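Numbers here simply count residues along the sequence, with the first being 1. As the structure is a prediction and not an experimental result, all values here were calculated from the model.
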Amino acid sequence: MTTDELKKYCDQEFENIGIITNELFSVYKPDKSDYTLAEEAAIAALTVNIYSGCENILKQMLIFDRLDITDSPGWHEKVLKKAGEIGILPPELFKSFLKYLAFRNFFIYTYIFNIKREELTALVDSIQDVLTRFKAEVYEYIQTI
């Protein structure tokens, strides 16, 4: 993979993330406080989907840099840790991504009614800022390779 191919991959992933983000905010409204269980499930699933897209970008960037991220039980954490170590994720963004990863892991193994609304709301309320910072970091990093 060339640098241009990596950039095109990231462009496509960010486009996909944008589509999902638009869907998320078609369901989630910051001033709305009462959601049906189905709406909460949609909000949670779309949030996890957005995080997964970001993780795909990180994974591809690490593969491009020839860093070992082989599938293992802890590969999700390994991707974030390595991305932080090589400078793709600065400390504050790394901490944000850890929260999304923790939510992803919880979401997969629980019933939707066990998800605390305030925790989900905090993630959704910050997701656009996190994505903006992440996109800037990704493209800045690509400029250095």
(request) Could you verify whether a donor N or O on one side chain and an acceptor N or O on the other, from Y109 and N114, lie under 3.5 Å apart? (result) no

(request) Kindly write out the residues that satisfy side chain to side chain donor-acceptor pair (under 3.5 Å) with K7, not counting sequence neighbours, or none if the list is empty. (result) D11

(request) Using distance alone, with no hydrogens and no angle criterion, decide if Y100 and S126 have a side-chain donor and acceptor under 3.5 Å apart. (result) yes

(request) Would you list the pairs meeting salt bridge (charged side-chain N to carboxylate O under 4.0 Å, His left out) in which at least one residue belongs to residues 103-119, sequence neighbours left out? (result) E40-R117

(message) Going by side chain to side chain contact (heavy atoms under 4.5 Å, CB included), name the residues that satisfy it together with A41, two or more places apart in sequence or in a different chain.
(response) I112

(message) Using 0.5 Å steps for rounding, measure from the NZ atom of K8 to the CE atom of M1.
(response) 11.0 Å

(message) If you compare all heavy atoms of A44 against all heavy atoms of I115, which two are closest, and at what distance to 0.1 Å?
(response) CB-CD1, 4.2 Å

(message) I need the single residue from N49, T47, I19 that forms a side chain to side chain contact (heavy atoms under 4.5 Å, CB included) with L24. Which is it?
(response) T47

(request) Give the minimum heavy-atom separation between E39 and V27, together with the two atoms involved. (result) O-CG1, 4.0 Å

(message) side chain to side chain contact (heavy atoms under 4.5 Å, CB included) for E77 and N105? Distances and angles first, verdict last.
(response) CA-CA 11 Å; E77 292 87 359; N105 292 342; 3.8 Å; yes

(message) I want to know whether F134 and Y139 have ring centres closer than 6.0 Å.
(response) no

(request) Drop me the distance from K78's NZ to L62's CG, to the nearest 0.5 angstrom. (result) 10.0 Å

(message) I need the L131 CG to T21 OG1 distance, nearest 0.5 Å.
(response) 5.0 Å

(request) With side chain to side chain donor-acceptor pair (under 3.5 Å) as the test, would you mind laying out the steps for E55 and Y51 before giving the verdict? (result) CA-CA 6 Å; E55 195 175 72; Y51 171 76; 2.9 Å; yes

(request) Using a 4.5 Å cut-off on heavy atoms from C-beta on, say whether the side chain of K59 contacts that of I63. (result) yes

(request) Report yes if the side chains of T3 and Q143 come closer than 4.5 Å at any heavy-atom pair, otherwise no. (result) no

(message) Keeping K32 on the side-chain end and Y28 on the backbone end, is there a donor-acceptor pair under 3.5 Å?
(response) no

(request) Using only heavy-atom distances, determine whether the side chains of Q60 and N56 contain a donor-acceptor pair under 3.5 Å. (result) no

(request) Specify whether Y111 and F113 have parallel, tilted or perpendicular ring planes, treating 30° as the upper limit for parallel and 60° as the lower limit for perpendicular. (result) parallel

(message) Show the nearest heavy-atom pair for residues Y9 and I57, with the distance to one decimal.
(response) CE2-CA, 4.2 Å

(request) Measure the spacing between CG of N16 and OG of S52 and express it to the nearest 0.5 Å. (result) 12.0 Å

(request) Under the salt bridge (charged side-chain N to carboxylate O under 4.0 Å, His left out) rule, what do D129 and R133 come out as? Steps first, then yes or no, please. (result) CA-CA 6 Å; D129 179 57; R133 289 185 291 137; 3.2 Å; yes

(request) Starting at SG of C10, measure out to CG of L6 and round the result to the nearest 0.5 Å. (result) 4.5 Å

(request) State the CD1-CD distance between I17 and Q12, to the nearest 0.5 angstrom. (result) 10.5 Å

(request) Determine whether L123 and V130 make a side-chain contact, defined as any pair of heavy atoms from C-beta on separated by less than 4.5 Å. (result) no

(request) With side chain to side chain contact (heavy atoms under 4.5 Å, CB included) as the test, would you mind laying out the steps for V124 and L46 before giving the verdict? (result) CA-CA 10 Å; V124 176; L46 291 165; over 6 Å; no

(request) Tell me yes or no: between the side chains of E137 and Y141, is some donor less than 3.5 Å from an acceptor? (result) no

